[in-house]
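Encoded as structure tokens, the structure appears first; notes follow it.
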Amino acid sequence: MKPIRKAVFPVAGLGTRFLPATKAIPKEMLPIVDRPLIQYAVDEAREAGIEQMIFVTGRGKSAIEDHFDIAFELEKTMSERGKSLAVLEPTRLGPGNCAYVRQQEPLGLGHAIWCARDLVGDEPFAIFLPDEFMVGSPGCMKQMVEAYNRLGGNLISVLEVPREAVSSYGVIAPGKSEGDVTEVLGLVEKPKVADAPSNLIISGRYILQPEVMRTLESQEKGAGNEIQLTDAMARMIGSQPFHAVTFAGKRYDCGSKAGYVQANLAIALEREDMADEIRAFAVDLVKS
């Protein structure tokens, strides 16, 4: 069983729900307190032992490349002023540890993943959706890699949501469960509430076998007139093991404005350098 060494980050989206903030700044660079969303995702990947980060980008996304590069002028100025460079250390991805490929057209998540096929090669790989902000210890992907080392095959992270919310997500048809792992018998992308097989939604983290790339080659457009990764995975069920891991942590939908604000507040309240001040402000705000 091959280890999970590579991760794909589909970051070509236009971020229209956050306009005008995302007119010139990639939505993945929006900060949660003082770290951009993409940094949190990369940190989660590193914690899980992943070595190579593959970013599927688009036009106007060069800030992501710059973020993970060495900022010579900034570092030189900070050093001359006697400031520590430790805060920049997580932003460094060494030579060969990152790669970039473009998705020229917004044809869906499945198409974005397929664009990375040559970089993934014949290896199992992880997928991170950075605006699905996962908070916990161990991280979501580390929890999934541990399950993968026991089970192999394909894994997806899932969370339980209110039944009326399932039409916004990919939903699993569950089989047998053992602890935090559930067998996946089927997948449906954005079903009607009445047709949903469960209220367990796919929550932005995947470990997939390379065969998914060959499935995506012939995948037709689905929900939203886009090539859906969920549809390709559904076609693979039965030919390969498929399991879902229920994440033992919290998830914030930073693709929505409300979720993004909630994530900032939650992380600020966990920070020793600002928790007391933010908590006092929140209490005063509620009182007023």
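Each residue takes its place number in the sequence, starting with 1.
No continuous path of ILVMFWY side-chain contacts below 4.5 Å connects M134 to V145, so the two sit in separate hydrophobic clusters. Cluster membership for L155 and I201, using ILVMFWY side-chain heavy atoms within less than 4.5 angstrom, is not shared. Cluster membership for Y206 and L119, using ILVMFWY side-chain heavy atoms within less than 4.5 angstrom, is shared. I4 and F125 are assigned to two separate hydrophobic clusters, defined by single-linkage of ILVMFWY side chains at heavy-atom distances under 4.5 Å. Cluster membership check: M53 shares its hydrophobic cluster with I38, using side-chain heavy-atom separations under 4.5 Å among Ile, Leu, Val, Met, Phe, Trp and Tyr.
Separating the NZ atom in K250 from the CD1 atom in I267 is a distance of 9.0 Å, to the nearest 0.5 Å. Atom CG of L37 and atom NZ of K27 lie 9.0 Å apart (nearest 0.5 Å). The distance from atom OG1 of T246 to atom CE of M144, rounded to the nearest 0.5 Å, is 10.5 Å. Summarising the geometry, atom CZ belonging to R214 is positioned 9.0 Å from atom CE belonging to M236; distances are rounded to the nearest 0.5 Å. Between the CE atom in M274 and the CG atom in D276 there is a gap of 11.5 Å [rounded to 0.5 Å]. Note that the CZ atom of F133 and the SG atom of C254 stand 6.5 Å from one another [nearest 0.5 Å].
The pair E73-K76 does not count as a salt bridge, with every side-chain nitrogen at least 4.0 angstrom from each carboxylate oxygen.
Put simply, the side chain of V135 does not reach to within 4.5 Å of the side chain of R251, judged on heavy atoms. T16 places none of its side-chain heavy atoms less than 4.5 Å from the side chain of T22. Between N264 and V33 the shortest side-chain heavy-atom distance falls below 4.5 Å. With a 4.5 Å cut-off on side-chain heavy atoms, F9 and L129 do not count as touching. Annotation: side chain of V8 is not in contact with side chain of F128 (no heavy-atom distance under 4.5 Å). Side-chain contact check for M213 versus P210: every heavy-atom pair is 4.5 Å or farther apart. When side chains are defined from C-beta on, L208 counts as touching F242, because their heavy atoms get closer than 4.5 Å. Using a 4.5 Å heavy-atom threshold, the side chains of V158 and V245 count as separate.
Listed by first and then second residue, the ring-ring contact (aromatic ring centres under 6.0 Å, His included) pairs that reach into residues 159-203 come to none, sequence neighbours excluded. Screening residues 138-164 for salt bridge (charged side-chain N to carboxylate O under 4.0 Å, His left out) gives no qualifying pairs among residues at least two apart or on separate chains. The list of ring-ring contact (aromatic ring centres under 6.0 Å, His included) pairs with a residue in residues 250-270, not counting sequence neighbours, reads F18-Y260. Listed by first and then second residue, the ring-ring contact (aromatic ring centres under 6.0 Å, His included) pairs that reach into residues 268-288 come to none, sequence neighbours excluded.
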* **Y148 vs M1, side chain to side chain contact (heavy atoms under 4.5 Å, CB included): CA-CA, chis, key distance, verdict** => CA-CA 9 Å; Y148 170 81; M1 188 165 58; 3.4 Å; yes
* Should L229 and V212 be marked as a side chain to side chain contact (heavy atoms under 4.5 Å, CB included) after you check the CA-CA gap, both sets of side-chain angles, and the distance that decides it? -> CA-CA 9 Å; L229 179 62; V212 72; 4.2 Å; yes
* **Trace of the side chain to side chain contact (heavy atoms under 4.5 Å, CB included) decision for N154 with H243** => CA-CA 6 Å; N154 302 272; H243 293 89; over 6 Å; no
* Are K287 and V283 close enough, and set up right, to give a side chain to side chain contact (heavy atoms under 4.5 Å, CB included), and what steps lead you there? -> CA-CA 6 Å; K287 288 180 178 178; V283 169; 3.6 Å; yes
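Checked by atom type and distance alone, the side chain of N199 pairs as donor or acceptor with a backbone atom of V161 at under 3.5 Å. No side-chain donor-acceptor contact under 3.5 Å links R271 to the backbone of A268. For the pair S203 (side chain) and S157 (backbone), a donor-acceptor distance under 3.5 Å is present.
In this structure, the side-chain contact (heavy atoms from CB on, under 4.5 Å) partners of L88, at least two apart in sequence or on a different chain, are L74, E75, M78, L85, T91. The salt bridge (Lys or Arg N to Asp or Glu O under 4.0 Å) test applied to K6 returns E123, not counting sequence neighbours. Looking at residues two or more places apart in sequence or on another chain, you find a salt bridge (Lys or Arg N to Asp or Glu O under 4.0 Å) between D122 and K2. The side-chain hydrogen bond (donor to acceptor under 3.5 Å, both in side chains) search around K192 returns none, not counting sequence neighbours.
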Would you tabulate the side-chain donor-acceptor contacts of residues 39-52 under 3.5 Å, counting partners in other chains and residues two or more places apart, or write 'none'?
residue, atom, partner, partner atom, Å
Q39, OE1, H67, NE2, 2.8
Q39, NE2, D43, OD1, 2.8
Q39, NE2, P90, O, 2.9
Y40, OH, I32, O, 3.0
D43, OD2, R35, NH1, 2.3
E44, OE1, R205, NE, 3.3
E44, OE1, R205, NH2, 3.0
E44, OE2, M141, N, 3.0
E44, OE2, R205, NE, 2.9
R46, NH1, P90, O, 2.8
R46, NH2, R92, O, 2.4
E47, OE1, G139, N, 3.1
E47, OE2, G139, N, 3.3
E51, OE1, R5, NH1, 3.4

Could you list the donor-acceptor pairs under 3.5 angstrom formed by side chains in residues 54-66, with sequence neighbours left out?
residue, atom, partner, partner atom, Å
K61, NZ, V11, O, 3.1
K61, NZ, G13, O, 2.7
K61, NZ, E28, OE1, 2.9

Please tabulate, for side-chain N and O atoms in residues 171-186, each donor-acceptor pair with protein atoms closer than 3.5 Å (sequence neighbours left out).
residue, atom, partner, partner atom, Å
S177, OG, T182, OG1, 3.0
D180, OD2, Q143, NE2, 3.0

Tell me which donor-acceptor pairs under 3.5 Å the side chains of residues 101-113 have, and how far apart each pair is, sequence neighbours excluded?
residue, atom, partner, partner atom, Å
Q103, NE2, E105, O, 3.2
Q103, NE2, G108, O, 3.3
Q103, NE2, H111, ND1, 3.0

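When all heavy atoms are compared, the tightest approach of Q209 to P124 is NE2-CB, 3.8 Å.
The local environment of CD1 in I25 is sparse, with at most 12 non-hydrogen atoms from other residues, nucleotides or ligands closer than 6.0 Å.
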